[in-house]
Amino acid sequence: MSQTVTDFEVHDIRFPTSEQLDGSDAMNPDPDYSAAYVVLRTDVQDRTDGPDSGSGGIEGHGFCFTIGRGNEVMAAAIDTLRPYLVGRPVPRTAADLAALHRELTHDSQLRWLGPEKGVMHMAAGAVVNAAWDLAAKLAGRPVWEFLAGMTPEELVSLVDFRYLTDALTPEEALEILRAAEPGRAERAERLRAEGYPAYTTSPGWLGYSDDKLVGLAKEAVADGFTQIKLKVGGSLSDDVRRLALAREAVGPDIRIAVDANQRWDVSDAVEWMTALAPYDPHWIEEPTSPDDILGHAAVRAGQPVKVATGEHVANRVVFKQLLQAGAVDFVQIDAARVAGVNENLAILLLAAKYGVPVCPHAGGVGLCELVQHLSMFDYVAVSGSWDNRVIEYVDHLHEHFADPTVIESGRYTAPGSPGFSARMLPESIAAHRYPEGAVWQARRTTEEAGR
């Protein structure tokens, strides 16, 4: 039987989160969490993951996360990659997935739009991640387990080492993976039994009142979280007040990270964090431009709080430079910012080479669902540790996914269903498709009535 990708669908999906100020921060005050969403349909009938929606065969699902306007641009970029998938064999193996990643990121004309950064690079990541979802479903395994079952040689073959070899060679990557190989089975069992450490940003959105912040912070501790995060960068006096309230609410033993979302120049970051340091922030996240390697190094050297960044870092090369420059204490990968699983594997290996813990960015639409797989794979097959490592968790929009993230006692439960946990429910897609979905039609009617 022919086993090919038969169709390629792209949807502009948006959720009106700005109505409640969920996700609000100093740089992004009114986000509507959105996904440029891709579905790879196939004629493969031997499904192992239960029925997918609207298709006679197994499907692959992937997406890019945005915050509203411009999601249509992201969707259009994804659609330009259609010829690389439709009518071609279904990807199943490390060799297939490596070849697809290189084709998408090395296209000489599309690459001109980056190179290897921005909308086109993120579009490649959405398609690569959908291919991983598909391949893992065909293997009957969740992506973290599918990856962790590959040999060190297969894993190294997935990585594009161009521009990396001054910091990480294929031979060094192979050595890292081989060193972690002996304990894989035991760590996988521990992961299934105990879950992976998480922290929550849910109390800390900048648009929340003081009472809501305090209440949600206390609730997070009661739920078992040992770290929370607050957004900062709007007003120094407000940030001092809010951080003092949070510290009083959770006590001295709970970590409180803070996140400026790129708000500051270097001098502002140093001044601001020096003022906040008495409240013992665990890290300052995105203190300045994500492209400014030397700026991050200066912030790290100029004040006492550790530095984290990565959710807006464009590619493996910038991560390489951040590590080479000693500019970060925590690497924050994002499952949908770079070119998918393959490039995130390169970043995990770079972080392991430099001994820097990886604490991913999540939240958004489906980012928790995706990135949990990458951290769990890292624990099992790359770093071999979850010490000083946590995955961000934000408690909204999970109900729109067929295999939503599960948090128990402040820890991510290891996914057991085949795939990348990326499949959005058909009714959620229909209701939130922009601008014709029922949610957006109702909002338009309400706005018109108020005029």
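Quick note: residue numbers are just sequence positions, from 1. Note that this is a predicted model, so its numbers are computed, not measured.
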Residues which pass side-chain hydrogen bond (donor to acceptor under 3.5 Å, both in side chains) with [X], listed by chain and number, not counting sequence neighbours:
{"X": "Gln109", "result": "none"}
{"X": "Trp264", "result": "none"}
{"X": "Ser237", "result": "Ser235"}

Are [X] and [Y], when compared by the centres of their aromatic rings, separated by less than 6.0 Å?
{"X": "Tyr379", "Y": "Trp386", "result": "yes"}
{"X": "Trp283", "Y": "Phe330", "result": "yes"}
{"X": "Phe15", "Y": "His400", "result": "yes"}
{"X": "Tyr199", "Y": "Tyr393", "result": "no"}
{"X": "His373", "Y": "Tyr196", "result": "no"}

From [X] [atom1] over to [Y] [atom2], what is the distance, rounded to the nearest 0.5 angstrom?
{"X": "Asn342", "Y": "Leu104", "atom1": "CG", "atom2": "CG", "result": "9.5 Å"}
{"X": "Ile391", "Y": "Ser375", "atom1": "CD1", "atom2": "OG", "result": "4.0 Å"}
{"X": "Thr42", "Y": "Leu85", "atom1": "OG1", "atom2": "CG", "result": "11.5 Å"}
{"X": "Leu147", "Y": "Arg141", "atom1": "CG", "atom2": "CZ", "result": "10.0 Å"}
{"X": "Ile228", "Y": "Leu216", "atom1": "CD1", "atom2": "CG", "result": "9.5 Å"}
{"X": "Gln372", "Y": "Leu191", "atom1": "CD", "atom2": "CG", "result": "9.5 Å"}

Report task. Apply side-chain contact (heavy atoms from CB on, under 4.5 Å) to Glu59 and Leu40, showing your working. Result -> CA-CA 5 Å; Glu59 298 172 358; Leu40 307 180; over 6 Å; no
Any side-chain donor paired with an acceptor under 3.5 Å for [X] and [Y]?
{"X": "Asp403", "Y": "Ser421", "answer": "yes"}
{"X": "Glu369", "Y": "Thr405", "answer": "yes"}
{"X": "Asp43", "Y": "Thr6", "answer": "no"}
{"X": "Ser383", "Y": "Asp378", "answer": "yes"}
{"X": "Thr201", "Y": "Glu392", "answer": "yes"}
{"X": "Glu436", "Y": "Gln441", "answer": "no"}
{"X": "Trp272", "Y": "Asp239", "answer": "yes"}
{"X": "His312", "Y": "Asn261", "answer": "no"}
{"X": "His101", "Y": "Glu343", "answer": "no"}
{"X": "Asp107", "Y": "Tyr84", "answer": "yes"}

Over 60° means perpendicular and under 30° means parallel, so tell me whether His61 and Tyr37 are parallel, tilted or perpendicular.
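Ring orientation of His61 relative to Tyr37: tilted.
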Any carboxylate oxygen within less than 4.0 angstrom of a Lys/Arg side-chain nitrogen, looking at [X] and [Y]?
{"X": "Glu286", "Y": "Arg263", "value": "no"}
{"X": "Asp160", "Y": "Arg102", "value": "no"}
{"X": "Asp133", "Y": "Lys137", "value": "yes"}
{"X": "Glu248", "Y": "Lys218", "value": "no"}
{"X": "Asp259", "Y": "Lys231", "value": "yes"}

A side-chain contact here means heavy atoms from C-beta on lying under 4.5 Å apart; do [X] and [Y] qualify?
{"X": "Val380", "Y": "Trp144", "answer": "yes"}
{"X": "Ile347", "Y": "Val338", "answer": "yes"}
{"X": "Arg443", "Y": "Pro16", "answer": "yes"}
{"X": "Thr80", "Y": "Met120", "answer": "yes"}
{"X": "Thr66", "Y": "Val73", "answer": "no"}
{"X": "Thr105", "Y": "His121", "answer": "yes"}
{"X": "Ser18", "Y": "Asp32", "answer": "yes"}
{"X": "Arg255", "Y": "Asp280", "answer": "no"}

What's the shortest heavy-atom distance between [X] and [Y], and which atoms?
{"X": "Gly340", "Y": "Asn129", "value": "CA-OD1, 3.2 Å"}
{"X": "Val38", "Y": "Phe63", "value": "CG1-N, 4.5 Å"}
{"X": "Ala346", "Y": "Leu168", "value": "O-CD2, 4.4 Å"}
{"X": "Val356", "Y": "Asp329", "value": "CG1-O, 3.4 Å"}
{"X": "Ala246", "Y": "Leu213", "value": "CB-CD2, 3.9 Å"}
{"X": "Val10", "Y": "Ala75", "value": "CG1-O, 3.5 Å"}

Exercise for the section: Please report the C-alpha distance between Val258 and Lys229 in whole Å, then the side-chain angles of each, then the deciding distance to 0.1 Å, and finally whether the side-chain contact (heavy atoms from CB on, under 4.5 Å) criterion is met. Expected result: CA-CA 5 Å; Val258 295; Lys229 189 168 77 182; 5.8 Å; no
Quiz item: Please walk me through it: do Leu164 and Leu350 pass side-chain contact (heavy atoms from CB on, under 4.5 Å)?
Solution: CA-CA 9 Å; Leu164 296 186; Leu350 282 164; 4.1 Å; yes
Is there a salt bridge (Lys or Arg N to Asp or Glu O under 4.0 Å) between Glu72 and Arg14 once you walk through the steps?
CA-CA 10 Å; Glu72 72 280 9; Arg14 307 189 194 188; 2.7 Å; yes
Between [X] (side chain only) and [Y] (backbone N and O only), is there a donor and an acceptor less than 3.5 Å apart?
{"X": "Arg316", "Y": "Phe161", "answer": "no"}
{"X": "Asn71", "Y": "Ala36", "answer": "yes"}
{"X": "Arg433", "Y": "Ile13", "answer": "no"}

(message) Evaluate Arg111 against Glu116 for salt bridge (Lys or Arg N to Asp or Glu O under 4.0 Å), listing each step before the verdict.
(response) CA-CA 6 Å; Arg111 187 178 181 277; Glu116 295 187 70; 3.6 Å; yes
Are there more than 12 heavy atoms of other residues, nucleotides or ligands under 6.0 Å from atom [atom1] of [X]?
{"X": "Glu408", "atom1": "CD", "value": "no"}
{"X": "Arg69", "atom1": "CZ", "value": "no"}
{"X": "Glu271", "atom1": "CD", "value": "no"}

Assess the residue pair Phe420 and Leu134 against the criterion (side-chain contact (heavy atoms from CB on, under 4.5 Å)); give the C-alpha distance rounded to whole Å, side-chain angles, the decisive distance to 0.1 Å, and a yes or no.
CA-CA 8 Å; Phe420 213 170; Leu134 179 56; over 6 Å; no
